[in-house]
Participant: 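I'd like to ask you about the structure that follows.
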Amino acid sequence: MKSPKKFFKISIIVVSLCAVLAAALVLARRVLSAANTTNITYTARSEVYQNVIDIAGVVSAAHEQTLQALSDGTVIAVYVEQGDSVKKGDIIIQLDDTEQQYNLAKHDYDMATTRITGSARQLELMKTQRLALVQKIADRKVTATFNGIIADIDVSVGDSLEAKDSVGTLVDISYLVADVEVAETDVSKLEVGQQVECTFPSYSGTVTGHVVGWPAIGEVTARGATVVKAHLRIDDYPKSILPNFSFSGKIKISPDETFVIVSRYAIGREDGKAFVVSARTGEKIEVHVAPYGNEYVQVLSGLSGGEVLKAQSVARSGTQRTQRRQSGPGGFSGGNGRSRGGPPPGGF
């Protein structure tokens, strides 16, 4: 039987060996972890958050007038050609008004006689009748209702027109307008004056407009969606864009915000403070971070974007995780008439 003193010595040796092995294991783990992160780097990148509503539509002229005859008659004069500029009240087409002018002249003669021999009541009735005769003469003319350009005209002297015959179009293209569908869930985000950015297939740049308003009632589309038609206005646009051209774009709910994003594995912790290490200089940089999804953090201060950083830890699987899905620099993609953008929920 072993003496108690000898047993005690053996126990001390065993405990000492276990402590040495544990220390060696911890050291080996640190060395291995350092070796695993030595050649791994992460790049801090800038990411733009766009709070927008995606839209699509067709632009129209600010005003449009269909040139129509208001009564039957023969064309005796056409004062414009396609492309001509006109002012409000200008006569564009004149129909034969010989009969109407005769009727007015005869009526004025009869009124002159009535002033001498007729009653005051009879004279008042004739004044009212005269207004109707003057209107019939006015109806023999097609006039411009606003300043604009003759987009097209198809009528000649001698043509016989019937009331409501359409012979051309007058447009005001001093600015363009459009009505676009906005989903009912996004209507509360609309404000008059919000900036609108539009892109046209016929133009390589971006055209800027603004929200003018929207009706106080929604409508149901053929596909069963409830929408509101928001009214847009575009004041400055290139001459290559014409009424009825299609566009896509976005209503900007708030100004773009730029975030600096980096992998969570580039972040180290020391005394409760977050830091990163520059892969180029080895400098340790203190940073302030916030959650940004499962694999990333948002850097609130300390980095400006573009810095290459040393890894401070590795993923549990021992391999790097793939980057989260994104749609260009702006973040997440959205559907037609829907808002999009913004940091996803998550934690670090």
Participant: Any side-chain heavy atom of V228 sitting closer than 4.5 Å to one from P215?
Facilitator: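 Touching, per the 4.5 Å side-chain cut-off.
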Participant: Counting only heavy atoms from other residues, nucleotides and ligands, does the tally under 6.0 Å from CD1 of I217 exceed 12?
Facilitator: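 Result for CD1/I217: open.
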Participant: Is there a path of hydrophobic side-chain contacts, each under 4.5 Å between heavy atoms of I, L, V, M, F, W or Y residues, that connects F275 with V262?
Facilitator: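 Not linked; separate clusters.
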Participant: So does L95 get a backbone contact from the side chain of R140, meaning a donor-acceptor N/O pair under 3.5 Å?
Facilitator: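 No, R140 side chain to L95 backbone: no donor-acceptor pair under 3.5 Å.
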Participant: Indicate yes or no: at least one non-hydrogen side-chain atom of V142 is less than 4.5 angstrom from one of I91.
Facilitator: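 They are not in contact (no side-chain heavy atoms under 4.5 Å apart), so the answer is no.
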Participant: Please report the interatomic distance OH(Y203) to CD1(I241), rounded to the nearest 0.5 Å.
Facilitator: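 Between atom OH of Y203 and atom CD1 of I241 there are 7.0 Å.
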Participant: Passes side chain to side chain contact (heavy atoms under 4.5 Å, CB included), V187 versus W214? Steps please.
Facilitator: CA-CA 9 Å; V187 174; W214 58 94; 4.1 Å; yes
Participant: Please answer whether the main-chain N or O of G118 pairs with a side-chain N or O of T114 as donor and acceptor at a distance below 3.5 Å.
Facilitator: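 No, because the side chain of T114 does not come within donor-acceptor range (under 3.5 Å) of the backbone of G118.
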Participant: In the structure I gave you, are the side-chain heavy atoms of L131 and Q135 within less than 4.5 Å of one another anywhere?
Facilitator: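 Answer no - side chains too far apart.
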Participant: So, the side chain of E283 versus the backbone of T281: is there a donor-acceptor pair under 3.5 Å, distance only?
Facilitator: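 Between the backbone of T281 and the side chain of E283 there is no qualifying donor-acceptor contact (under 3.5 Å).
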Participant: Please test C198 against V196 for side chain to side chain contact (heavy atoms under 4.5 Å, CB included), starting from the C-alpha separation and ending with a verdict.
Facilitator: CA-CA 6 Å; C198 304; V196 180; 3.7 Å; yes
Participant: Is there a path from I173 to I92 through hydrophobic residues (I, L, V, M, F, W, Y) whose side chains come within less than 4.5 Å of each other?
Facilitator: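 Hydrophobic grouping puts I173 apart from I92.
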Participant: Charged N to carboxylate O under 4.0 angstrom, E47 versus R45?
Facilitator: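 Salt bridge: yes.
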Participant: Under 4.5 Å between side-chain heavy atoms, chaining through other members, with only Ile, Leu, Val, Met, Phe, Trp and Tyr counted: pull out the rest of the cluster around M111, sorted by chain and number.
Facilitator: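 Members other than M111 - counting any ILVMFWY side chain reachable under 4.5 Å - are L123, M126.
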Participant: What is the minimum heavy-atom distance between A290 and L300, and which atoms define it?
Facilitator: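 Scanning both residues completely, I find the closest heavy atoms to be CB-CD1, 4.1 Å.
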Participant: Check for me, please, whether V167 and V171 land in the same ILVMFWY cluster - side-chain distances under 4.5 Å, paths through other members count.
Facilitator: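 Shared cluster, no.
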Participant: Can you give me the closest heavy-atom contact between V260 and A44, atom names plus distance?
Facilitator: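 For V260 and A44, the tightest heavy-atom pair comes out as CG1-CB, 4.1 Å.
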Participant: Inspect the contact between K252 and E191 and indicate whether a charged nitrogen and a carboxylate oxygen are less than 4.0 angstrom apart.
Facilitator: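 Not counted as a salt bridge, because no side-chain N and carboxylate O are separated by less than 4.0 Å.
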Participant: Using every non-hydrogen atom in the two residues, find where Q68 and K164 come nearest and quote the distance to one decimal.
Facilitator: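 Smallest heavy-atom distance, with atoms named: NE2-O, 3.5 Å.
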Participant: Considering only heavy atoms from C-beta outward, does the side chain of D165 approach that of E162 to under 4.5 Å?
Facilitator: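 A side-chain contact exists here, since the closest heavy-atom pair is under 4.5 Å.
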Participant: Is a donor on one side and an acceptor on the other found under 3.5 Å between the side chain of Q194 and the backbone of K189?
Facilitator: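 Yes, the answer is positive, given that a donor and an acceptor are paired below the 3.5 Å cut-off.
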Participant: Would you say that E286 contacts H288 through its side chain, given a criterion of any heavy-atom pair below 4.5 Å between the two side chains?
Facilitator: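 Heavy-atom side-chain distance check passes, below 4.5 Å.
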Participant: How far apart are the C-alpha atoms of R233 and D235, what are their side-chain angles, what is the distance that settles it, and do they pass the side chain to side chain contact (heavy atoms under 4.5 Å, CB included) test?
Facilitator: CA-CA 6 Å; R233 172 169 169 161; D235 289 297; 2.8 Å; yes
Participant: Under 6.0 Å between the ring centres of F247 and F200?
Facilitator: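 Yes.
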Participant: Step by step, would you call D139 with K141 a salt bridge (charged side-chain N to carboxylate O under 4.0 Å, His left out)?
Facilitator: CA-CA 5 Å; D139 289 347; K141 302 178 180 67; over 6 Å; no
Participant: For side chain to side chain contact (heavy atoms under 4.5 Å, CB included), just list the numbers for Y265 and E295, CA-CA rounded to whole Å, side-chain angles, deciding distance to a tenth of an Å, and then say yes or no.
Facilitator: CA-CA 8 Å; Y265 303 113; E295 299 296 323; 3.2 Å; yes
Participant: Do you reckon L176 sits in the same ILVMFWY cluster as L242, going by side-chain contacts under 4.5 Å, direct or chained?
Facilitator: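 Looking at the clustering, L242 is in the same group as L176.
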Participant: Kindly work out whether a path of hydrophobic side-chain contacts (I/L/V/M/F/W/Y, heavy atoms less than 4.5 Å apart) joins I137 to L133.
Facilitator: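 In one cluster: yes.
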Participant: Answer yes or no: is there a donor N or O on one side and an acceptor on the other, between the side chain of D96 and the main chain of T74, under 3.5 Å?
Facilitator: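 No.
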Participant: Check this for me: does any side-chain nitrogen of one of K87 and D90 sit under 4.0 Å from a carboxylate oxygen of the other?
Facilitator: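 Salt bridge absent between K87 and D90.
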Participant: Return the CG to CG distance between N51 and D256, rounded to the nearest 0.5 Å.
Facilitator: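 Interatomic distance, N51 CG to D256 CG, rounded to 0.5 Å: 9.5 Å.
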Participant: Run the side chain to side chain donor-acceptor pair (under 3.5 Å) check on T66 and S166 step by step: do they pass?
Facilitator: CA-CA 7 Å; T66 300; S166 298; 5.5 Å; no
Participant: Quick check: closest heavy atoms across F259 and Q298, and the distance to 0.1 Å?
Facilitator: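 That would be CD2-NE2, 2.8 Å.
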Participant: Any side-chain heavy-atom pair from V297 and P291 closer than 4.5 angstrom?
Facilitator: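 No. Closest side-chain heavy atoms not under 4.5 Å.
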Participant: Can you find a heavy atom in the side chain of R130 that is under 4.5 Å from one in the side chain of L104?
Facilitator: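 A side-chain contact under 4.5 Å exists here.
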Participant: Would you call E270 and K284 a salt bridge, using N to O less than 4.0 angstrom?
Facilitator: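 Yes, this pair counts.
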Participant: Does a salt bridge link E124 with K127, judged by any charged N lying under 4.0 Å from a carboxylate O?
Facilitator: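 Yes, this pair counts.
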Participant: What I want to check is whether the side chains of Q195 and E197 have a donor and an acceptor closer together than 3.5 Å.
Facilitator: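 Indeed, the side chains of Q195 and E197 share at least one donor-acceptor pair under 3.5 Å.
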Participant: Within a 6.0 Å radius of atom NZ on K136, are there more than 12 heavy atoms belonging to other residues, nucleotides or ligands?
Facilitator: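 No, NZ of K136 has 12 or fewer neighbouring heavy atoms, counting only those of other groups under 6.0 Å.
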Participant: Report, one line per pair, each donor and acceptor closer than 3.5 Å where one atom sits in a side chain of residues 55-65; sequence neighbours left out.
Facilitator:
unit_1, atom_1, unit_2, atom_2, d
H63, ND1, D172, OD2, 3.1
Q65, OE1, T145, N, 3.0
Q65, OE1, T145, OG1, 2.9
Q65, NE2, T143, O, 2.9

Participant: For residues 147-158, run the donor-acceptor check on the side chains, cut-off 3.5 Å, and write out each pair with its distance to 0.1 Å, sequence neighbours left out.
Facilitator:
unit_1, atom_1, unit_2, atom_2, d
N147, OD1, K88, N, 2.8
D152, OD2, T169, OG1, 3.3

Participant: Looking only at non-hydrogen atoms, find the nearest pair between A274 and I267 and report the distance.
Facilitator: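 Result for this residue pair: CB-CG2, 3.8 Å.
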Participant: Please give me the minimum heavy-atom distance between S246 and P201, naming the atom from each residue.
Facilitator: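 Minimum heavy-atom contact is O-CD, 3.3 Å.
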Participant: Would you say the side-chain atoms of T258 and S46 include a donor-acceptor pair closer than 3.5 Å?
Facilitator: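 Result is no, nothing qualifies.
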Participant: Taking the side chain as every heavy atom from C-beta outward, state whether F146 and L170 have any atom pair closer than 4.5 Å.
Facilitator: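 Contact flag for F146/L170 side chains = yes.
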